[in-house]
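The structure appears below as structure tokens.
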Amino acid sequence: MSNPMEQAVGYQLAEAPVGWTKRDLLTYAIGIGAKKDDYAFVYELHPHFAPFPTYPVVLSLKGDAEDVTEFSKVLGRDEIPGLPKFDPERAVHGSMSIEILRPLPLETGKGWRMKRRVSGVHENKSGIILEIELLLVDPQGTEYAKMITSSFNVGARTLGPFSKSLTGPPRGKPVPKDRKPDHIVTEQTLPEQALLYRLSGDYNPLHIDPSIGAKMSFGGVILHGLSTYGFAARAVLRSVGANDPHALKAFAVRFTAPVKPGDTLETSIWEMGPGPDGVTLVAFSTRVVETGKVCLGAGVAHVLKPARGKL
Ligand SMILES: CCCCCCC[C@@H](O)CC(=O)SCCNC(=O)CCNC(=O)[C@H](O)C(C)(C)COP(=O)(O)OP(=O)(O)OC[C@H]1O[C@@H](n2cnc3c(N)ncnc32)[C@H](O)[C@@H]1OP(=O)(O)O
């Protein structure tokens with residue numbers, strides 16, 4: 001008998017309405033650690049004001065909500081055939097990738113949506129990993145970004161090992177072992193970083209209520225994976241793309257260890273040569289300085305290097 005999880009792979013989920021305002025863009029920028037002189041991302045009157053390019057990653061949880069949402073309802077809204085019911089208090093973000101297909105507008109209005117399908121399921125000794133492919137489209141159906149997000153449902157079990165993916169994150173090269181990084185960016189997150197990031201639409205209590213992280217053996221509150229993701233994206237964009245909002249074309253990571261709000265993140269960045277469509281392929285990893293643990297692994301970015309100096 002085939003594994004019931006076969007039915008899940010390729011399953012089309014209902015399209016989800018999404019939307020954002022300039023205020024959402026400003027909120028996201030500070031949630032991922034933007035500083036007071038990152039004018040293009042924190043000041044709406046700046047001549048180069050633009051969405052930070054990884055902004056669409058918030059939309060799978062934010063949707064089109066303009067106010068606080070209830071996390072368990074948002075995460076539990078989809079019934080997927082062949083999969084067990086997952087416990088939202090045992091789910092962590094496993095990986096995230098984005099390919100930016102065209103520049104994002106500063107605000108959307110109505111009619112934007114996310115097309116969604118289950119693109120992969122894996123069961124291993126630690127639990128079940130559910131991968132969802134997301135396509136951000138405008139009211140006319142024009143595609144703006146493609147994302148693959150995975151949740152790692154720790155301790156979930158069915159019949160045993162299973163692995164099937166229909167697609168994968170953007171390709172790159174692994175971090176070289178024999179060469180020092182071309183850039184190292186070190187930044188401390190704020191003790192309040194998760195309080196800021198959650199305003200972008202991920203109200204998971206794991207990031208504010210210490211009792212939930214304690215139950216998951218994290219020893220208290222942990223930072224949203226997508227906040228750490230944004231810190232790393234800022235580091236790569238500044239180091240390789242001269243902080244040009246349009247320079248980042250793809251960005252992918254695996255979340256390999258938790259980060260606590262207040263931790264210091266050190267992102268090591270290697271330029272790996274030319275990739276598709278004139279981009280520079282970038283390999284990177286991020287570690288927590290206080291523990292020495294790598295928190296973002298398998299980091300790949302595609303960056304258009306500017307011909308001239310910084311913005
Ligand atoms: C829209 C949906 C979005 C989802 C909702 C997100 C809501 C957010 O609010 C939640 C968050 O932001 S949580 C914060 C960010 N995430 C984290 O901190 C998780 C960090 N990672 C871990 O703790 C462990 O790696 C852990 C626990 C993930 C795994 O650790 P271990 O149990 O030690 O597993 P390990 O021995 O390392 O690996 C076992 C097998 O799993 C594969 N694997 C590991 N990490 C993976 C990952 N991230 N993605 C895919 N596969 C992964 C390993 O390769 C290994 O496979 P195999 O058994 O085949 O060798």
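Counting starts at 1 for both ligands and their atoms, following the listed order. Everything quoted here is computed from the prediction, not taken from an experiment. The basis for the numbers below is simple: all heavy atoms, side chains too, and nothing from hydrogens, waters or symmetry mates. In what follows, residues are counted from 1 in the order of the sequence shown.
For residues 262-271, the side-chain hydrogen bond (donor to acceptor under 3.5 Å, both in side chains) pairs, not counting sequence neighbours, are H183-E271, T264-E290, E266-R287, T267-T286, E271-K305. Among pairs with a residue in residues 103-115, those fulfilling side-chain hydrogen bond (donor to acceptor under 3.5 Å, both in side chains) read E15-R113, at least two apart in sequence or across chains.
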Distance-only donor-acceptor pairs under 3.5 Å for side chains of residues 135-143, two or more places apart:
unit_1 : atom_1 : unit_2 : atom_2 : d
D138   : OD1    : Q140   : N      : 2.9
D138   : OD1    : G141   : N      : 3.0
D138   : OD1    : T142   : N      : 2.9

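The aromatic rings of Y39 and Y43 stand perpendicular to each other, their planes meeting at an angle above 60°, with 30° marking the opposite boundary.
If you check the side chains of D24 and T27, you find no donor sitting under 3.5 Å from an acceptor.
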Need the list: ligand 1 N/O atoms against protein N/O atoms, distance under 3.5 Å, rounded to one decimal.
unit_1   : atom_1 : unit_2 : atom_2 : d
ligand 1 : 9 (O)  : D202   : OD1    : 3.3
ligand 1 : 9 (O)  : D202   : OD2    : 2.6
ligand 1 : 9 (O)  : N204   : ND2    : 3.0
ligand 1 : 9 (O)  : H207   : NE2    : 2.7
ligand 1 : 12 (O) : G225   : N      : 2.9
ligand 1 : 16 (N) : H93    : O      : 3.0
ligand 1 : 21 (N) : F255   : O      : 3.1
ligand 1 : 25 (O) : T256   : O      : 3.3
ligand 1 : 32 (O) : S126   : OG     : 2.8
ligand 1 : 34 (O) : S126   : OG     : 3.2
ligand 1 : 36 (O) : K125   : NZ     : 2.8
ligand 1 : 41 (O) : N124   : ND2    : 2.6
ligand 1 : 43 (N) : R254   : NH1    : 3.4
ligand 1 : 48 (N) : G94    : O      : 2.5
ligand 1 : 51 (N) : R254   : NH2    : 3.1
ligand 1 : 54 (O) : R254   : NH1    : 3.2

inquiry  = Please determine whether side-chain hydrogen bond (donor to acceptor under 3.5 Å, both in side chains) holds for the pair S150 and S95, giving the CA-CA distance in whole Å, both sets of side-chain angles, and the decisive distance to 0.1 Å.
reply    = CA-CA 5 Å; S150 79; S95 62; 2.7 Å; yes

